[in-house]
Amino acid sequence: MVKTRFAPSPTGHLHIGGLRTAIFNYFFAKANSGEFILRIEDTDRERSRKEYTEAILEGLKWCSINWDDICYQSKRQDIYEKYLQELFNNGLAYRCYCSKERLEKLKQEQIEKGENPHYDGHCRNLKEEIKDKNFVVRIKLPSEDIDFKDVVHGDMHFSYKEFDDFIIRRSDGSFMYNFTNVVDDIECGITHVIRGDDHLTNTAKQIVLYRLFGKNEPVYAHVPMILGEDKTRLSKRHGAQSVLEYRDMGILPDALVNYLIRLGWSYGDKEIFTKDELLELFNIENLNNSAAVFNPEKLLWVNAEHIKLMSPRKLLEYVKPFMDKRCFDYDDDYLARAVETMQPRAETLKELASGMLFYCTAPEDYEQKGSKKYLKESVKEPLIFLLEKLKETDFSSEDELKKAFEETMEKFELKMVKIAQPVRIGLTGRSAAPGIYEMLMILGKDESVKRIKKVIDAIPYKTS
RNA sequence: GGCCCUAUCGUCUAGUGGUUAGGACGUCGGCCUCUCACGCCGAAAACAGGGGUUCGACUCCCCUUGGGGCUACCA
């Protein structure tokens, strides 16, 4: 069975790069009826924070990236000790008592000589344990080159000379990333490791560990990284990084997932994917192999597409956090109808929420530009006529509203725009809004009449 | 510096030796129209450079250049 994992370290918020890795792992597992595990890599006691773990879980939950199981490395110390013991028993690891000062000096000397910094194996063959002296544990790096196959990059080759007897356990007793990562993947039976290609070098080191343990490594897929607009690594200065920031911006989780998965992966010409489609279609064969630039504009477009795709009722739930409190005086049926008229007109939930506010509260003032252009004395009489006509209808169908408009147009020989725009301004305060009939239908007769009356009063009489 | 990855329109990408190099975002036109959107139609826009291999290279190989990553008692 396919088993994947997402292994973030809680040293910061969940950012979009991390989320993308989680997405790849999640959809690959699920598309293959496998399991997806979440593993919090909190072995760095200095930098790991509980609040970050919570933020990561919150971000994943928001995107519906559901894990089948979760574990924390900080609670698995005994397992690591067990595996370490195995290494000791087989003479594959050793205690190193070298001071940081000696190591630093060694490094400097090597650099001066033009060599690449390497641990010199000073403690490698020490026979005796030294009591009461701090030590780290290093592995005995085998003198064998490391070859492996990566799903996206093909055959990989590293010379063992590139590495040294790297540390797997710190002097404070905690274990290091490459070690815990491998032990946990072995313990959990991870079959596929999908992660950023910034880990390519780590993978070589980790494969050394697999060999030391006599285990076969999983299938690797190193996905290209996401870059900022200037093609440098994504960071604070590229704007929003945290997944939760996108939520607060009014991005739909399905849209973020859709956008992110298409960055580095494609499925023919298809751009918009629902979660169900991804659950079925995602594969690692179509993974791309070069870094991609994050493009906020396309994200917005994808978001708009998902807004249009969603049922008004479901969308309403996502819009609610952005809605003005005055809207909560209305029931969901009413609000869902209002949302529906805004669906083709919003790129974000925030925009949608502000665009539908007029359904819940009458405009306090009228947009200046539109008023000047459309609220002219010449339409005052036609509007009064229209109002009377509207009063005679019961607002039960768009057709009868249309009839009232048509009669007005005919009688005064006016184009639709001449009367629709003043009405629109009266209804919403703006000159850009949903269709006139749908707005009237939703607002209802009483409210519509009230607002139209008010806008008629706002039109000045000619000073004749 | 060393090692590794990488290179098609501004951006995301399709392409696996023979294509008018396709799609999408964005941009610019137009249509639709009660406004704004949506939608529809159309345009401009790319194979980093140089060598090979081959009858033939965007596709394969090498070099250069550019970009990214790793090189911690971080993950």
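Here the structure is a predicted model, which is why all the values come from computation and not from measurement. Proteins get letters first, then strands, A, B, ... in listed order; numbering begins at 1 in each.
In terms of position along RNA chain B, the nucleotide closest to A:E438 lies nearer the 5' end than the nucleotide closest to the other residue of the pair A:A7 and A:E438. Where A:K205 and A:Y177 each meet RNA chain B at their nearest nucleotide, the meeting point lying more 5' is that of A:K205.
Judged by atom type and distance alone, A:N178 does not reach the base of B:rA75 through any side-chain donor-acceptor pair under 3.5 Å. For B:rG68, its base never sits under 3.5 Å from the side chain of A:D198 at any donor and acceptor pair. Residue side chain A:R345 does not reach the base of B:rC38 through any donor-acceptor N/O pair under 3.5 Å, judged by distance alone. Between the side chain of A:E271 and the base of B:rG23, at least one donor-acceptor pair of N or O atoms lies under 3.5 Å.
Between B:rU6 and A:N289, a contact under 4.0 Å exists linking OP1 or OP2 to a side-chain N or O. At B:rG39, one or more side-chain N or O atoms of A:K308 fall inside 4.0 Å of OP1 or OP2 (strictly under the cut-off). In terms of phosphate contacts, A:S266 brings no side-chain nitrogen or oxygen within less than 4.0 Å of OP1 or OP2 of B:rC12. Within the structure, every side-chain polar atom (N or O) of A:R47 is placed at least 4.0 Å from both OP1 and OP2 of B:rA72. Between A:H153 and B:rU6 there is a side-chain polar atom (N or O) within less than 4.0 angstrom of OP1 or OP2. One finds no side-chain N or O of A:N286 lying less than 4.0 angstrom from the OP1 or OP2 phosphate oxygen of B:rU13. In terms of phosphate contacts, A:N116 brings no side-chain nitrogen or oxygen within less than 4.0 Å of OP1 or OP2 of B:rU71. Within the 4.0 Å cut-off from OP1 or OP2 of B:rU35, not a single side-chain nitrogen or oxygen of A:K418 is found.
Distance CD (A:Q421) to P (B:rC34): 11 Å, rounded to an integer number of Å. The distance from atom CD1 of A:I40 to atom P of B:rC74 is 19 Å, rounded to the nearest whole Å. Between A:F148 atom CZ and B:rC4 atom P the separation is 12 Å, expressed in whole Å. If you take CG of A:L440 and C1' of B:rC34, they are 11 Å apart, rounded to a whole angstrom. Atom CH2 in A:W301 sits roughly 18 Å away from atom P in B:rA37 (whole-Å rounding). Straight-line distance from the CD atom of A:Q110 to the C1' atom of B:rC3: 16 Å, rounded to whole Å. When rounded to the nearest whole Å, the span between CD of A:Q73 and P of B:rC74 equals 14 Å. One interatomic measurement links the two molecules: CZ of A:F175 to P of B:rC73, which rounds to 16 Å at whole-angstrom precision.
If you take atom P in B:rG30 and the same atom in B:rG18, they sit 40 Å apart, rounded to whole Å. Across the P atoms, B:rG52 and B:rG10 are found 28 Å apart, a figure rounded to whole Å.
Here the nucleotide nearest the side chain of A:D44, chosen from B:rC36, B:rC74, B:rG10, is B:rC74. Listed candidates were B:rU11, B:rU13, B:rA75. Nearest to the side chain of A:N295 is B:rU11. Checking B:rG69, B:rC25, B:rU13 against the side-chain heavy atoms of A:A292 singles out B:rU13 as nearest. Nearest to the side-chain atoms of A:S9 among the listed nucleotides B:rU35, B:rG23, B:rA75 stands B:rA75. Candidate nucleotides B:rC73, B:rC5, B:rC70 were compared by shortest atom distance to the side chain of A:T201, and B:rC70 ranks first. The side chain of A:K231 lies closest to B:rU11 when the candidates are B:rU11, B:rG26, B:rC12. Closest to the side chain of A:V136, out of B:rA75, B:rG68, B:rC73, is B:rC73. Nearest nucleotide to the A:M176 side chain, out of B:rC73, B:rC12, B:rA37: B:rC73. Picking from B:rA75, B:rG23, B:rC25 the nucleotide with the shortest atom distance to the side chain of A:R262 gives B:rG23.
Using Watson-Crick or G-U wobble geometry with both donor-acceptor distances under 3.5 Å, B:rU20 finds no partner in any strand shown. Searching all strands for a Watson-Crick or G-U wobble partner of B:rA75 with both distances below 3.5 Å returns nothing. Both distances falling under 3.5 Å, in either a Watson-Crick or a G-U wobble arrangement, occur for no nucleotide opposite B:rU59. The base-pairing partner of B:rG66, taking Watson-Crick or G-U wobble contacts with both distances under 3.5 Å, is B:rU6. For B:rA43, the paired nucleotide is B:rU27, the pair qualifying as Watson-Crick or G-U wobble because both relevant distances are below 3.5 Å.
Aromatic ring centroids of A:Y177 and A:H199 lie under 6.0 Å apart.
Here B:rC38 is in the syn range [glycosidic angle within 90° of 0].
At a cut-off of 3.5 Å, with distance as the only test, a side-chain donor of A:S174 or A:D172 sits close to an acceptor on the other residue. Counted by atom type alone, A:R76 and A:Q73 present zero donor-acceptor pairs between their side chains at under 3.5 Å. Looking at A:R170 and A:N134, their side chains never bring a donor and an acceptor atom within 3.5 Å of each other. Side-chain contact annotation: A:E187 with A:Y83, donor-acceptor N/O pair under 3.5 Å present.
Within 4.0 Å of A:F158, counting heavy atoms only, lie sugar-phosphate atoms of the nucleic acid but no base atom. At the heavy-atom level, A:N181 lies nowhere under 4.0 Å from the strands shown. At a threshold of 4.0 angstrom between heavy atoms, the contacts of A:G114 with the nucleic acid are absent.
Ring-plane geometry between A:W265 and A:F282 is classed as tilted, the angle between the planes lying from 30 to 60 degrees on a 0 to 90 degree scale.
A:Y374 does not carry A:K418 over the face of its six-membered ring by the limits of under 6.0 Å from the centre and within 45° of the normal.
Between A:E438 and A:R337, no side-chain nitrogen of the basic residue sits less than 4.0 Å from a carboxylate oxygen of the acidic one, so the salt-bridge criterion is not met.
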Any chance you could lay out the ring pair (Phe, Tyr, Trp, His ring centres under 6.0 Å) test for A:F88 and A:Y94, step after step, and finish with the verdict? CA-CA 7 Å; A:F88 275 140; A:Y94 62 93; 9.0 Å; no
